[in-house]
Amino acid sequence: MVTAEAPPQPSQSVFKRVSKLLIIALLAEIGYAVMNISTMPVYLRYDRGFGETGVGFVLVAYLFSEAIFKSPMGHLADRIGAKKLMLVGPCISVGTSVLSLVIPHQKGSPLEIILFICLRSLDGLGAAMLWPAAFAEVGGAVQDDERQQAMSFLNLCYMLGIALAFPLGGMANDYFHVRWAGLILAAILFAFAGLAVWRLVPKSVVKTRAEGSESGFKEFIASMHQIPEYLLLSVVTFAGIGFPMTIFKLFPVDQFNYSETQIGTLIGFGAIVLAIASVPMSRLGERIGRVRAVHLGMMLSSIGLWLIASGAFVKFLRQPWMLALGGIPVGIGFLLAIPAWMASVSDINPSRRGVNLGAVMTAQGLGAIIGAPIGAALYEKLQPVGIQLNLGADFGRYSPFVGCATCLTIGWLLGLRILRAPK
């Protein structure tokens, strides 16, 4: 027997119906980004003495765990209700944030690396519990013709979370003059996210399976057969996103000698611009259709990444203003493509919304797992090669952006062939 869901209330605005979930998503994403993207690379590099390749492998542990658990957790959210998973996920990461500070330090120690990998794997499990459940809850809170707009709000929280993580994490580290202050900040954010779930999210509807229904594993396989084109695009595109993921904060420090506060301030300004643009971009995506929004968004993102990546070969273009110029089409493209993409997946089969969203997120994670260690290794190993080729160490520093631009371009071309707009 399946308990019927409460119908969405058309009299309320889309934003109002999902606002509580957006608060939780924003708090949690700031926490995950502060810990894994803003703080962990500099903490491991400077305080723990890890090289970029080692930092990349620690980050991959988080991505790998998140990827393999997202689909099972999406299935579990359909079975037991989303609220339970949304509560447990952030609580796990409260513990891992604090435990990261007490790992014994001995340079080159395999045990130190293994312990960091274990903690980041637990973080991945926590994120896998949260996100499919949150997307499924948002998708179920609105009507079919409102789902893309609702997903755009959730997508905005994701982007704002990453963007705000840099100024918040950077300023915490700079203010306290330690590179681990961001970990304490992340623990506080996770605690508030869990509290928000407990207080703001009503008890989830549990969809009890009838006898003879498919197992979670079989449902995951069915999703792979049902949406193979989305999974392929997810892997290719997020492999590109993974290339600069590890070095995203190290790059402006090494290339432009920026402080963490300067980096955070610049990224925070960009986040405000994206926030302003998110509403008109979501409306544009609704007008042109979901498939066309994916096509146009991926094309714009590819153009922006190639503008940034050109610094690997042209010395004149190795300037901060070039990053800003390339970031404009990347941001607009992301705002167009991702909500349309996730809304399309959510609409395929409402009764299996969590499973399908989890499968796509798993594919995205696998793509990032492929790209992140490769990008970190290129960053570290190609700097001396660039010096030998008379291109400077900058060549190696920009090489992850070349890989990112290449994957996004391939993904855009695949999207043109695989995803067809209805006539």
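All heavy atoms count here, side chains included; hydrogens, waters and symmetry mates do not.
F190 has its side chain within reach of M35: a pair of non-hydrogen atoms, C-beta onward, lies under 4.5 Å apart. Side-chain atoms of Y379 and D254, non-hydrogen and from C-beta on, do get closer than 4.5 Å to each other. Looking at heavy atoms from C-beta onward, I410 lies out of side-chain contact with C407 at the 4.5 angstrom threshold. Residues I114 and C118 have side chains in contact (heavy-atom distance under 4.5 Å, counting atoms from C-beta outward). Side chains of L59 and M40 form no contact here, defined as non-hydrogen atoms less than 4.5 Å apart. The side-chain heavy atoms of M299 and L416, taken from C-beta on, include no pair separated by under 4.5 Å. Side-chain contact between L296 and R292 is absent, with no heavy atoms from C-beta onward closer than 4.5 Å. Side-chain atoms of R120 and T96, non-hydrogen and from C-beta on, do get closer than 4.5 Å to each other.
A side-chain donor-acceptor contact under 3.5 Å links Y32 to the backbone of A127. Panel note: side chain S301, backbone M298; no donor-acceptor pair is recorded below 3.5 Å. A donor-acceptor pair under 3.5 Å links the side-chain atoms of S65 to the main chain of S121, judged by distance alone. K20 contributes no side-chain N or O that, together with a main-chain N or O of V201, makes up a donor-acceptor pair within less than 3.5 Å. In this structure, Q364 contributes its side chain and F238 its backbone to no donor-acceptor pair below 3.5 Å.
Between R179 and Y43 the shortest heavy-atom distance is O-CB, 3.7 Å. Taking all atoms of both residues into account, the shortest heavy-atom contact from L231 to A363 is O-CB, 3.7 Å. Here the closest non-hydrogen pair linking G124 and Y62 is N-CD1, 3.4 Å. The two residues V360 and S234 come nearest to each other via the heavy atoms CG1-OG, 3.5 Å. The nearest pair of heavy atoms linking P167 to T265 is CB-N, 4.2 Å. Between G89 and M129 the shortest heavy-atom distance is N-SD, 3.9 Å.
No more than 12 heavy atoms of other residues, nucleotides or ligands sit less than 6.0 Å from atom CZ of F248. Counting heavy-atom neighbours within 6.0 Å of F176 CZ, excluding the residue itself, gives a total of 12 or less. For Y46, the OH atom is densely surrounded, since the number of other residues' heavy atoms within 6.0 Å is greater than 12.
Checking I370, L378, V402 one by one against F243, the side-chain contact (heavy atoms from CB on, under 4.5 Å) holds for a single residue, L378.
Separating the CD1 atom in I37 from the CZ atom in F166 is a distance of 5.5 Å, to the nearest 0.5 Å. Rounding to the nearest 0.5 Å gives a distance of 11.5 Å between CG of L305 and CG of L300. Rounding to the nearest 0.5 angstrom, the gap separating the CG atom in L414 from the OG1 atom in T409 is 11.0 Å. In this structure, L183 CG and T39 OG1 are separated by 5.5 Å, a value rounded to the nearest 0.5 Å. Taken from CD1 in I117 to CD in E112, the straight-line distance is 11.0 Å, to the nearest 0.5 Å. Once rounded to the nearest 0.5 Å, the distance linking CH2 of W306 with CG of L408 reads 10.0 Å.
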Could you give me the CA-CA distance, side-chain angles and deciding distance for F251 and L323, then say whether side-chain contact (heavy atoms from CB on, under 4.5 Å) is met?
-> CA-CA 11 Å; F251 173 80; L323 292 177; 3.8 Å; yes
Where do I332 and M281 land on the side-chain contact (heavy atoms from CB on, under 4.5 Å) test, with the steps shown first?
-> CA-CA 7 Å; I332 293 174; M281 287 300 102; 3.5 Å; yes
Step-by-step side-chain contact (heavy atoms from CB on, under 4.5 Å) determination, F57 to I113 = CA-CA 9 Å; F57 280 114; I113 297 175; over 6 Å; no
Going through the checks in order, is the side-chain contact (heavy atoms from CB on, under 4.5 Å) test met by L99 and L115?
-> CA-CA 10 Å; L99 289 174; L115 289 175; over 6 Å; no
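Identified under the side-chain hydrogen bond (donor to acceptor under 3.5 Å, both in side chains) test for residues 396-406, with sequence neighbours left out: Q255-R397, Q383-R397.
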